[in-house]
Engineer: 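Here it is, the structure in full.
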Amino acid sequence: MPELPEVETVRRGLQPIMEGAHIDSVELRRPDLRFPFPRGFAERLRGQEIIALGRRAKYLLIHLETSDVVLCHLGMSGSFRIDQDDEEQQAPGAFHHPRSKVEKHDHAVFHLTSGDGRTLRVVYNDPRRFGFMLLHDEGPLDSHPLLATLGIEPTGNALDGALLAERLRGKRTPLKAALLDQRVIAGLGNIYVCEALWRARLSPKRSADTIVARRGTSERCERLATSIRAVIAEAIAAGGSSLRDYVKADGSLGYFQHAFKVYGREGHACGHDECSGTVRRIVQGGRSTFYCPSCQR
DNA sequence: AATCTATCCTGTTAGC
DNA sequence: TGCTAACAGGATAGAT
């Protein structure tokens, strides 16, 4: 369930302690997540400094001093938590041993020494194990198979009506499915697609190319591009949405879930002015779609 | 080439 | 009370 806003929130939470930190060791508590950990993964990371923490679509990118990059995907239920040694354990002369607070579904532990000399652990927990970690160690990062085909980021101003029109032209798949396709726009998932379509008052069932005009952009494309950018920006500002498994790196919760207008709100009134419709749930491609049949056309 | 479907996984909840 | 079934769903491989 972590979509772009949640991954960005995780990135921002981990950045202050991970950037500039030294990797003392990596502990893998099982051989695989969704995919096996790469051969020699832990050994390759040990001793390296973390240069930067980045993000592309729903991928968290850990840039290391050797130009290696760890590609990390949280799947549906992945989360990171920071285990820090407390004051007492840090006191000079105090007997010190790393806390071994292992919780269920903790699969990988990064033992770090941060820039200011404190030791800490960044723990990856993932009950459903849909997440994965891979290592990019050769060639340009953009050429990695998982990143090469990704579409445009919905953050910033690059995503406009014209670009959206270009991307959707000729696509006869339902608009909902087209927006979930990471090759079109990178980082949207079920929640934010539903919310963006509601804001744009566009039906998820409509064939994607029907919002494209002959010349390209259209009023509908403009509305949709604006809606996508807005919902993503607002969700990031709220620290993402905490539903089911997702928690921020510091253990606190995002609060954008309270701003949902349609997602998970079947039977509730549509929140649009002058619309008396009711939110409905339908299934598209085996996934739930929430929308208002009255005003989303 | 585009589009659809099955698959992976486990915790939670709804239904009988 | 205890069991089973449905559901959450991102990305890929394979089928159509």
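In what follows, every chain begins at residue 1, and chains take the letters A, B, ... in the order their sequences are listed. All values below were derived from every heavy atom in this structure, side-chain atoms included, with hydrogens, water molecules and symmetry-related copies excluded. Since the model is a prediction, treat every value here as computed from it, not as a measurement.
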Engineer: Would you mind reading off the bend of the helix from B/dA2-C/dT16 to B/dC16-C/dG2 from its two end axes, five pairs each, to 10 degrees?
Structural biologist: 60°
Engineer: So which atom in A/P293 and which in A/R280 form the shortest heavy-atom distance, rounded to 0.1 Å?
Structural biologist: CG-CG, 3.7 Å
Engineer: In this structure, how many angstroms lie between the C1' atom of B/dG11 and the CZ atom of A/F130, rounded?
Structural biologist: 13 Å
Engineer: Rounded to whole angstrom units, what separation is found between the OH atom of A/Y59 and the C1' atom of C/dA11?
Structural biologist: 7 Å
Engineer: Given B/dG11, is OP1 or OP2 found less than 4.0 Å from the side-chain N or O atoms of A/H105?
Structural biologist: yes
Engineer: Tell me whether the OP1 or OP2 atom of C/dA8 has a side-chain N or O from A/R281 closer than 4.0 Å.
Structural biologist: yes
Engineer: Looking at B/dC8, I'd like to know if its phosphate oxygens (OP1 or OP2) sit under 4.0 Å from a side-chain N or O belonging to A/R129.
Structural biologist: no
Engineer: Salt bridge or not between A/R81 and A/D106? Use side-chain N to carboxylate O under 4.0 Å.
Structural biologist: yes
Engineer: CG of A/L224 to CG of A/L197: how many Å apart, nearest 0.5 Å?
Structural biologist: 6.0 Å
Engineer: Assess, by modelled atom type and distance only, whether the side chains of A/N190 and A/K176 contain a donor and an acceptor separated by less than 3.5 Å.
Structural biologist: yes
Engineer: When you measure from every atom of DNA chain C, which of residues 283-291 of chain A have a heavy atom less than 4.0 Å away?
Structural biologist: A/R287, A/S288
Engineer: Please check if any side-chain donor atom of A/Q182 sits under 3.5 Å from a side-chain acceptor atom of A/T149, or the reverse.
Structural biologist: no
Engineer: Side chains of A/E103 and A/N125: donor-acceptor distance under 3.5 Å anywhere?
Structural biologist: no
Engineer: Please list, chain by chain and in numerical order, all residues satisfying salt bridge (Lys or Arg N to Asp or Glu O under 4.0 Å) with A/R287, sequence neighbours excluded.
Structural biologist: none
Engineer: Tell me every residue that passes salt bridge (Lys or Arg N to Asp or Glu O under 4.0 Å) with A/D32, counting only those two or more places apart in sequence or in another chain.
Structural biologist: A/R30
Engineer: Looking only at side-chain N and O atoms, does A/K171 come under 4.0 Å of OP1 or OP2 in B/dA2?
Structural biologist: no
Engineer: Can you tell me the distance, in whole Å, between the CZ atom of A/R169 and the P atom of B/dA2?
Structural biologist: 14 Å
Engineer: A/R30 or A/A177: which one's nearest nucleotide on DNA chain B is closer to the 5' end?
Structural biologist: A/A177
Engineer: Using a cut-off of less than 4.0 Å, is there contact between a side-chain N or O of A/H73 and OP1 or OP2 of C/dA11?
Structural biologist: yes
Engineer: In whole Å, I'd like the distance from the CZ atom of A/F132 to the C1' atom of B/dT7.
Structural biologist: 15 Å
Engineer: Can I get a per-line list of side-chain donor-acceptor pairs under 3.5 Å for residues 232-240 of chain A, giving both atom names and the distance, sequence neighbours left out?
Structural biologist:
unit_1, atom_1, unit_2, atom_2, d
A/E234, OE1, A/R199, NH1, 3.4
A/E234, OE1, A/R199, NH2, 2.8
A/E234, OE2, A/R199, NH1, 3.0

Engineer: To the nearest Å, how far apart are A/E266 CD and C/dA6 C1'?
Structural biologist: 14 Å
Engineer: Can you tell me the distance, in whole Å, between the CG atom of A/N190 and the P atom of C/dA8?
Structural biologist: 8 Å
Engineer: For a quick test of reading the model: is some side-chain N or O of A/K104 closer than 4.0 Å to OP1 or OP2 of B/dG11?
Structural biologist: yes
Engineer: Could you check how far CZ of A/R172 sits from C1' of B/dC4, rounded to whole Å?
Structural biologist: 16 Å
Engineer: Please tabulate, for the side chains in residues 51-62 of chain A, all donor-acceptor contacts under 3.5 angstrom to protein atoms that are two or more places apart in sequence or on a different chain.
Structural biologist:
unit_1, atom_1, unit_2, atom_2, d
A/R55, NE, A/E8, OE1, 2.8
A/R55, NH1, A/A57, O, 2.9
A/R55, NH1, A/E153, OE1, 2.9
A/R55, NH2, A/E153, OE1, 3.0
A/R56, NH1, A/G151, O, 3.2
A/R56, NH1, A/E153, OE2, 2.9
A/R56, NH2, A/L150, O, 3.4
A/R56, NH2, A/G151, O, 2.9
A/K58, NZ, A/L188, O, 3.1

Engineer: Quick one: A/L74 CG to B/dC9 C1', roughly how many Å, whole number?
Structural biologist: 15 Å
